[in-house]
Amino acid sequence: MTTAVRHVRTARLARGALVTVLGAALAGCGIRATEVPTDFGPAPSRVPCVNSAADVAAQSGTGVPEEIYLVCGSQLVQVDRQIELAGDGAEGDPVRVAQGLLDELRKPPTESEAQAGFTSDVKGRPKVSGPRGEDPPSALRLSSPPERMSPYELAQLVCTFARSVAADRDGSVVLGGPDENSPLRRYECTEELRARPGTVPAPAETVGS
C-alpha cells in the first residue's frame with residue numbers, strides 16, 4: 001500500500017470517527033444527527049402579525065388600557081394600547097376616549113410591530129367631536145368625512161371604536177363628517193370586515209333622513 005493511499009484511508013477513518021462522536025452527542029441532546037450539511041436559510045426574525053413580549057410589557061405602564069386595530073397581512077389585528085386621558089372620569093367619556101384611540105391609530109407602529117408586518121392607514125391629525133343638533137347621543141363627528149376615508153382607515157376606526165365606550169350599546173358606531181349636513185351612518189365591525197377590510201365595505205346604514 002502506498003503512502004498516499006494510507007493517508008487517504010487514515011483521513012477517511014478519522015472523519016468517520018468524528019461523525020460518529022458528533023452523532024452520539026447530538027442524540028444525547030435529543031437532536032437527530034445528519035451526515036449531510038443542510039442549509040434552511042436564515043430563521044425569520046419575527047412571527048408575522050404577532051406582538052412580541054417586549055411590546056406587551058411596554059404597554060403595561062400608566063394610562064387607560066384599550067384595544068386598537070392595526071392592519072397586518074391585509075386584515076385587521078387587535079393590539080393592546082395604553083392611552084392617556086386627562087381629567088377625572090375621562091375613561092367614560094366617549095368623545096375623549098375616541099380621540100385618544102384616534103391618536104394611537106395615527107402613531108407609527110413600534111419597530112418590532114413594523115418588523116412583524118403591522119401598519120396603520122390612519123394619517124394626519126384626525127379630530128373627533130360629539131353629537132350636534134338633532135344627532136343621536138352616540139354620534140361622533142369626525143374632521144374627515146368617513147366616505148372620504150380609505151377602506152382600511154374606515155375599518156380601523158369602526159372596529160377600534162366598537163371595542164370602546166365610543167360605541168353604542170349594541171356595539172355599532174355612529175359616524176359622520178364635521179358639520180350637520182354631513183350624513184350620519186351606523187357602522188358595524190363584523191368578522192368579515194376584520195378579515196378583508198380592503199375589499200369588504202364597512203356595513204353601514206344611514207341614520208335619520
Side-chain angles (χ1 to χ4, degrees), residues 29-32 34 37-86 90-91 94-128 140 142-144 146-167 171-173 175 187-204:
C29 297
I31 302 174
R32 184 176 181 179
T34 177
T38 58
D39 182 10
F40 296 101
S45 58
R46 287 290 307 277
V47 178
C49 303
V50 175
N51 279 353
S52 69
D55 288 331
V56 176
Q59 291 298 325
S60 62
T62 61
V64 178
E66 292 285 352
E67 298 166 349
I68 66 173
Y69 278 89
L70 299 179
V71 180
C72 193
S74 299
Q75 60 185 332
L76 297 186
V77 179
Q78 181 182 311
V79 176
D80 293 330
R81 283 289 189 269
Q82 298 280 340
I83 64 174
E84 298 295 333
L85 299 174
E91 63 272 16
V95 175
R96 283 198 275 182
V97 170
Q99 185 62 62
L101 292 170
L102 268 178
D103 292 340
E104 283 296 324
L105 286 170
R106 71 179 182 82
K107 291 180 181 178
T110 66
E111 182 178 352
S112 55
E113 286 173 346
Q115 291 177 356
F118 288 93
T119 63
S120 179
D121 225 45
V122 180
K123 304 294 189 290
R125 294 183 177 275
K127 299 295 182 184
V128 60
L140 297 173
L142 304 172
S143 55
S144 178
E147 57 269 21
R148 296 183 184 177
M149 296 179 179
S150 73
Y152 284 104
E153 181 179 15
L154 181 56
Q156 282 185 260
L157 263 63
V158 168
C159 289
T160 296
F161 288 168
R163 301 281 295 184
S164 74
V165 298
S172 62
V173 183
L175 302 176
Y187 297 89
E188 294 183 25
C189 177
T190 62
E191 183 176 348
E192 190 176 22
L193 178 62
R194 293 191 296 270
R196 295 188 295 160
T199 57
V200 175

Handout entry: Nearest heavy-atom neighbours spanning Ile83 and Gly100
Key = CG2-O, 4.0 Å

Completion exercise
When rounded to the nearest 0.5 Å, the distance separating OG of Ser172 from OH of Tyr187 is 12.0 Å

Problem - Between CD on residue Glu113 and SG on residue Cys72, distance to nearest 0.5 Å - result: 9.5 Å

Problem - Backbone of Val122 reached by a side-chain donor or acceptor of Glu153 within 3.5 Å - result: no

Exercise for the section: Give a yes or no on whether a salt bridge exists between Lys107 and Glu104, defined as a side-chain N under 4.0 angstrom from a carboxylate O. Expected result: yes

Exercise for the section: Can you sort out the partners of Arg196 under side-chain hydrogen bond (donor to acceptor under 3.5 Å, both in side chains), two or more places apart, ordered by chain and number? Expected result: Glu192

Exercise for the section: Check the pair Val71, Phe118 against side chain to side chain contact (heavy atoms under 4.5 Å, CB included), reporting the backbone distance first and the verdict last. Expected result: CA-CA 6 Å; Val71 180; Phe118 288 93; over 6 Å; no

Handout entry: Contacts of type side-chain contact (heavy atoms from CB on, under 4.5 Å), residue Ala90, not counting sequence neighbours
Key = Leu85, Arg96

Practice task
Please examine the side chains of Arg106 and Arg125, heavy atoms only from C-beta on, and report whether any two atoms are closer than 4.5 Å.
Solution key: yes

Which atom pairs, donor and acceptor, lie under 3.5 Å between side-chain atoms of residues 154-163 and protein residues at least two apart or in another chain?
residue: Gln156; atom: OE1; partner: Asp121; partner atom: N; Å: 2.7
residue: Gln156; atom: NE2; partner: Tyr69; partner atom: O; Å: 2.9
residue: Gln156; atom: NE2; partner: Ser120; partner atom: OG; Å: 3.2
residue: Thr160; atom: OG1; partner: Tyr69; partner atom: N; Å: 3.0
residue: Thr160; atom: OG1; partner: Gln156; partner atom: O; Å: 2.7
residue: Arg163; atom: NE; partner: Glu67; partner atom: OE1; Å: 2.9
residue: Arg163; atom: NH2; partner: Glu67; partner atom: OE1; Å: 2.8

Handout entry: Over all atoms of both residues, closest heavy-atom pair of Cys49 and Val77
Key = O-CG1, 4.2 Å

Exercise for the section: Taking all heavy atoms of Pro126 and all of Ser143, pick out the closest pair and write down the distance. Expected result: CA-OG, 3.5 Å

Problem - Side chain proximity check, Ser74 to Tyr152, heavy atoms < 4.5 angstrom - result: yes

Exercise for the section: Determine, stepwise, if the pair Leu142 / Met149 fulfils side chain to side chain contact (heavy atoms under 4.5 Å, CB included). Expected result: CA-CA 11 Å; Leu142 304 172; Met149 296 179 179; 3.6 Å; yes

Handout entry: Side-chain touch Gln78/Asp80, heavy atoms, less than 4.5 angstrom
Key = yes

Handout entry: Atom pair CD1 (Ile68) and CG (Leu70), whose distance is rounded to the nearest 0.5 Å
Key = 4.5 Å

Handout entry: From CD (Gln99) to NZ (Lys127), nearest 0.5 Å
Key = 5.0 Å

